[in-house]
Trainee: 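Starting off with a structure, shown below.
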Amino acid sequence: MAVDSPSGVIIVAAVFLHAATTIVFGSDSVLKLERLIPPSHELSLAELRAFDSARHGRLLQSPVGGVVDFPVYGASDPFLVGLYYTKVKLGTPPREFNVQIDTGSDVLWVACSSCNGCPKTSELQIELSFFDPGSSSSASMVSCSDKRCSSNFESESGCSPNNLCSYAFKYGDGSGTSGYYISDFVSFDTVITSTLAINSSAPFVFGCSNLQTGDLQRPRRAVDGIFGLGQGSLSVISQLATQGLAPRVFSHCLKGDSNGGGVMVLGQIKRPDTVYTPLVPSQLHYNVNLQSIAVNNQILPIDPSVFTIATGDGTIIDTGTTLAYLPDEAYNPFVQAISSAVSQYGRPITYESYQCFDITSGDVDVFPEVSLSFAGGASMVLTPRDYLQMFSSSGSSIWCIGFQRSPQQHRITILGDLVLKDKVVVYDLVRQRIGWAVYDCSLEVNVSATGGGRSKDVINTGQWRDSKSSESDYYYYLFLLQVAFLLHILLSRNFLHFL
């Protein structure tokens with residue numbers, strides 16, 4: 001790039017070169033070209049090719065998929081946080097929202113600027129945001145006449161008096177929300193290689209809530225909305241996979257300590273010890289076939305039918321649920337077996353709705369191991385810390401069973417964050433199965449972008465998060481390379497000799 005200066009001297013833009021080069025302008029003007037990009041920030045040829053491939057795909061309107069990375073915050077302890085959430089960017093320009101990770105619902109929704117009953121502050125030490133459709137240049141309302149309102153939204157949609165496609169959701173805790181659907185853009189990081197991620201965006205339909213009720217109104221665990229990861233056509237995974245931007249598999253690893261956090265990716269976390277159980281076909285939720293529960297290797301006397309959809313709502317895996325729930329026929333023998341195992345070590349007490357134990361030594365290891373057995377031969381082994389919650393009272397350590405009774409009106413088993421934490425959990429929608437493996441979620445993981453049976457190169461999260469480059473960096477480097485190349489031609493042909 002060059003411009004004419006008042007003195008007629010050509011000024012050449014600075015570029016980076018492997019060796020410093022001096023250009024002489026006439027007899028008394030010298031321009032020294034120094035390396036501006038340090039070696040630690042170089043992009044390899046493979047990374048440049050990957051960037052070009054992504055760009056060419058966009059230019060040709062061909063979607064480029066990869067591992068989509070979402071950060072994880074929060075913790076499972078109900079006495080502290082009791083939920084996990086991520087950050088999502090919506091609109092143009094992109095605005096960031098904190099949304100609860102929820103595999104038990106299908107829609108991503110955030111609070112609208114016109115929301116009634118939405119909390120204004122959060123005790124999670126996060127600043128709450130509200131989506132304003134008028135502030136996004138790409139936002140549009142989904143009308144009742146839009147074919148998506150009747151075909152894609154199914155029974156979750158309705159029609160408001162002002163012809164907007166609307167929704168109303170009720171959750172298991174009695175809370176609820178309602179609003180209307182927005183068509184806009186969602187922005188996210190697509191990981192191409194272990195050291196390279198590009199900023200991506202895609203058309204996306206999400207909910208804009210103008211009413212919240214129940215626990216959603218309270219500041220204690222308030223976030224901006226819900227990140228629905230269910231199997232429905234409006235879920236995050238379904239919308240991005242349909243556009244070819246993500247595989248039809250996602251994974252998470254939720255840290256169970258008080259600091260919380262973890263990993264969540266649209267892609268498959270690879271662990272050699274992962275065991276799988278098939279999903280129950282044709283269900284709205286992630287239903288699995290739980291067959292038995294054992295305490296201290298003794299199978300409890302529970303009729304297996306209580307865990308199935310034949311007699312109720314079955315067994316559901318749900319990150320939107322903090323604890324775990326069992327129907328009465330399973331809850332009573334489960335608590336009784338644990339109480340018997342620790343009776344000599346302390347006394348049982350009741351704390352709020354929890355069955356707790358005041359253990360004299362305070363040692364959690366006196367509690368028995370629990371094993372859940374599923375169809376397909378998969379087992380989920382729970383150590384005491386996987387099903388207990390601890391709180392201190394008058395200097396004593398009180399351990400409480402995190403499993404609760406299911407609501408009287410529902411015969412349902414829900415496996416929530418209590419048992420999902422400290423495990424890699426894989427939701428493989430291509431093969432219709434869910435897998436898990438015990439893992440320290442503070443460690444890096446290997447991820448594969450798989451879809452339709454194909455597998456791309458495995459990507460390491462520790463590498464990409466330590467050294468990933470943004471797309472803007474890429475275009476900056478590319479510009480410098482182009483200028484360097486042009487300068488090389490000029491020098492080689494002695495175009496500057498006349499100066």
Side-chain angles (χ1 to χ4, degrees), residues 76 103 249-256 262 268-281 283 285-319 321 323-327 329-338 340-342 364-388 401-404 406 412-429 431-441 445:
S76 64
T103 60
V249 56
F250 68 96
S251 314
H252 57 69
C253 194
L254 309 175
K255 288 175 61 179
Q268 181 181 4
I269 297 179
K270 306 287 287 186
R271 289 290 306 160
D273 53 343
T274 303
V275 295
Y276 287 93
T277 188
L279 287 167
V280 179
Q283 298 300 304
H285 302 291
Y286 293 112
N287 281 75
V288 292
N289 279 315
L290 176 61
Q291 297 178 329
S292 66
I293 300 177
V295 175
N296 259 352
N297 294 318
Q298 298 296 314
I299 297 178
L300 302 180
I302 303 171
D303 183 350
S305 68
V306 306
F307 302 124
T308 69
I309 59 173
T311 61
D313 295 312
T315 301
I316 295 171
I317 291 180
D318 177 25
T319 60
T321 296
L323 303 172
Y325 294 82
L326 294 170
E329 298 93 328
Y331 177 82
N332 292 331
F334 177 72
V335 171
Q336 182 178 358
I338 293 175
S340 298
V342 298
V364 70
D365 292 330
V366 302
F367 287 88
E369 185 178 86
V370 172
S371 179
L372 311 179
S373 297
F374 297 85
S379 292
M380 181 181 289
V381 177
L382 306 178
T383 66
R385 292 186 184 275
D386 291 332
Y387 67 86
L388 295 171
I401 298 177
F403 280 80
Q404 301 287 286
S406 297
I412 187 173
T413 299
I414 305 176
L415 303 179
D417 297 338
L418 175 78
V419 299
L420 300 178
K421 67 182 186 296
D422 297 321
K423 297 174 184 66
V424 166
V425 182
V426 179
Y427 302 73
D428 187 345
L429 305 187
R431 297 172 179 82
Q432 284 292 290
R433 61 181 185 170
I434 288 184
W436 55 83
V438 174
Y439 194 67
D440 180 351
C441 299
V445 295

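Please read these numbers as outputs of a predicted model, since none were measured by experiment. Counting begins at 1 with the first residue of the sequence.
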Trainee: Extract all donor-acceptor atom pairs below 3.5 Å that involve side chains of residues 292-302 and protein atoms in other chains or at least two apart in sequence.
Mentor:
none

Trainee: Please tabulate, for the side chains in residues 364-383, all donor-acceptor contacts under 3.5 angstrom to protein atoms that are two or more places apart in sequence or on a different chain.
Mentor:
residue	atom	partner	partner atom	Å
Thr383	OG1	Asp386	OD2	3.1

Trainee: Checking the side chain of Asn287 only, and the main-chain atoms of Val280 only, is there a donor and an acceptor separated by less than 3.5 Å?
Mentor: no
Trainee: Please find the pair of heavy atoms, one from Asp417 and one from Ser76, that lie closest to each other, and give the distance.
Mentor: CB-CB, 4.1 Å
Trainee: Is any side-chain heavy atom of Asp422 closer than 4.5 Å to one of Val438?
Mentor: no
Trainee: Contact between Leu418 and Phe403 at the side-chain level, heavy atoms closer than 4.5 Å - yes or no?
Mentor: yes
Trainee: For a 4.5 angstrom cut-off between non-hydrogen side-chain atoms, does Val275 reach Trp436?
Mentor: yes
Trainee: Any idea which heavy atoms bring Lys421 and Gly256 closest together, and the distance?
Mentor: CD-CA, 3.6 Å
Trainee: Can you tell if the side chain of Thr277 reaches within under 4.5 Å of the side chain of Asn289, non-hydrogen atoms only?
Mentor: no
Trainee: Distance from Thr315 atom OG1 to Gln283 atom CD, nearest 0.5 Å?
Mentor: 11.0 Å
Trainee: What heavy-atom pair brings Val306 and Thr311 nearest, and what distance separates the two atoms?
Mentor: CA-OG1, 3.7 Å
Trainee: For a 4.5 angstrom cut-off between non-hydrogen side-chain atoms, does Tyr427 reach Ile317?
Mentor: yes
Trainee: Could you go through the side-chain contact (heavy atoms from CB on, under 4.5 Å) check for Leu415 and Asp318 one step at a time?
Mentor: CA-CA 6 Å; Leu415 303 179; Asp318 177 25; over 6 Å; no
Trainee: For Val426 and Ile269, which heavy atoms make the closest approach, and how far apart are they?
Mentor: CG2-O, 3.7 Å
Trainee: According to salt bridge (Lys or Arg N to Asp or Glu O under 4.0 Å), who are the partners of Asp273, at least two apart in sequence or on a separate chain?
Mentor: Arg271
Trainee: Distance check, rounded to the nearest 0.5 Å: Ile434 atom CD1 versus Leu420 atom CG?
Mentor: 9.0 Å
Trainee: Within the side chain of Thr413, is there an N or O that forms a donor-acceptor pair under 3.5 Å with the backbone of Leu326?
Mentor: no
Trainee: Are more than 12 heavy atoms, taken from residues, nucleotides or ligands other than Arg433, located less than 6.0 Å from that residue's CZ atom?
Mentor: yes
